[in-house]
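Lettering of chains follows the sequences in order, A, B, ..., and the numbering in each one begins at 1. We use all heavy atoms of the structure for the numbers below, so side chains are in, but hydrogens, waters and symmetry mates are not.
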Protein chains: 2
Amino acid sequence: MRLSTKGHYGLKAMFDLAQHYGSEPIPLKSVAERQNLPEYYLEQIAAVLRKAGLVKSVRGAQGGYILARAPGDIKVGDVIRAMEGPIAPVECVSEFEPAECDNADYCITRSVWARVRDSIIQVLDSISLEDMCRDSEKLRPHRDKPEV
Amino acid sequence: MRLSTKGHYGLKAMFDLAQHYGSEPIPLKSVAERQNLPEYYLEQIAAVLRKAGLVKSVRGAQGGYILARAPGDIKVGDVIRAMEGPIAPVECVSEFEPAECDNADYCITRSVWARVRDSIIQVLDSISLEDMCRDSEKLRPHRDKPEV
DNA sequence: AATAATCCCGAGTATTTTGGTCTGAATTAT
DNA sequence: ATAATTCAGACCAAAATACTCGGGATTATT
């Protein structure tokens, strides 16, 4: 019942970009440093996010990544689906393309997993990156200057 | 975000035993056949369930397994925890022994995963094997016996 | 024009996990 | 004695995981 690091790191990266939304492109290197993620690995993750249309890239010096949409328009579920595929505790209740199952109609364990899936989806799709940024502001200890 | 087959098969096996609760011990072979599970693999799964105190075994001919408690006293969450370990989408929000995290207090992604974890736990711990048996009765197509 | 900072692509890889199978021993009803 | 079981543990192939790395393409800056 574990998320892979792709989903884990992917969300951290997206959260980082959300916190910088509106400014210049953010290079992966700085994302990796702030979020404490392996830089080279993050490149792969960014590629997935870009192909999913969640971020845009700017190549060359002073380049980097920016969110493709406003933080309020990107849900945690979007990020996780991009990184991990359809949400499904077991294949036979996958959101999309549920695997065939001999006796799906009468399989009770299946209905249990469907309930788990729905409850996960409900949480993931109810939280936007903007929500996360807002919560972050509340939690962050007060300081004189914004940390860099 | 997937369950391994251990959890998946484990729940199927427990459900099967719940449906036979009160009768003689059920040999794994018949569980494997009814639930369409690999028999040898099921042996391993049964060993875990036994060590977790969820089933009791009877050795020898006419032996097999029986639930260690009434179906109403065993929650899906008990089975999944036995088979998959503590429920945790990411380690740092594990139910038990949460992994240390540098900035746990201010990590927002962490709080997202905590919410996911709680929602999963809520579902898993609200469904007992008895509930599953009851639902199964409702779903099962009518046969020669009158409905209950 | 040169340089450096970036993204981009794909290969390589070590380790772990997964999902089993199989052998053989111990136990017990028949 | 036999057959049906659980039980313990070794063994294994394939896939997934979590990366690293090399080198090319692009672009701002100098």
Rounded distance (Å) that lies between atom [atom2] of [N] and atom [atom1] of [X]:
X	N	atom1	atom2	result
A:His8	D:dT17	NE2	C1'	15 Å
B:Arg50	D:dT5	CZ	C1'	13 Å
A:Leu28	D:dC21	CG	C1'	16 Å
A:Lys12	D:dA18	NZ	P	14 Å
B:Ile66	D:dT5	CD1	C1'	15 Å
A:Glu24	D:dT27	CD	P	18 Å
B:Glu43	D:dT5	CD	P	12 Å
B:Gln44	D:dC7	CD	P	13 Å

Tell me, please, the opening and closing nucleotides of DNA chain C, 5' to 3', among those with an atom under 4.0 angstrom from a non-hydrogen atom of chain A.
C:dA5 to C:dA11

What closest approach, in Å, do A:Val116 and A:Pro89 show between heavy atoms, and which atom pair accounts for it?
CG1-CG, 4.0 Å

I'd like to check B:Ser57 versus B:Tyr65 (side-chain heavy atoms, cut-off strictly below 4.5 Å). Are they in contact?
yes

For the residue pair B:Asp78 and B:Arg69, establish whether any side-chain heavy-atom pair is separated by less than 4.5 Å.
yes

Would you say the side chains of A:Gln19 and A:Ser136 form a donor-acceptor pair under 3.5 Å?
yes

Which of these, A:Lys75, A:Arg117, A:Arg81, sits in a salt bridge (charged side-chain N to carboxylate O under 4.0 Å, His left out) with A:Asp125?
A:Arg81

Heavy-atom neighbours of B:Glu95 CD exceed 12 at 6.0 Å:
yes

Near A:Glu39 CD, under 6.0 Å, is it more than 12 heavy atoms from other residues, nucleotides or ligands?
yes

Can you give me the bend angle of the helix from C:dA1-D:dT30 to C:dT30-D:dA1? Use the axis through the first five pairs and the one through the last five, nearest 10 degrees.
10°

Pick the nucleotide of DNA chain D nearest each of A:Gly60 and A:Tyr41; which residue has the one closer to the 5' end?
A:Tyr41

Assert: residue with more 5' nearest nucleotide on DNA chain D, out of B:Pro27 and B:Tyr40, is B:Pro27

Taking D:dT6, D:dT20, D:dT17 as options, the one with an atom nearest any side-chain atom of A:Ser4 is D:dT17

Roughly how far, to the nearest 0.5 Å, is the CZ atom of B:Arg34 from the NE2 atom of B:His20?
3.5 Å

Using only side-chain N and O atoms of B:Ser57, determine if any of them is under 4.0 Å from OP1 or OP2 of D:dT5.
no

B:Asp118 with B:Arg115: basic N within carboxylate O range, under 4.0 Å:
no

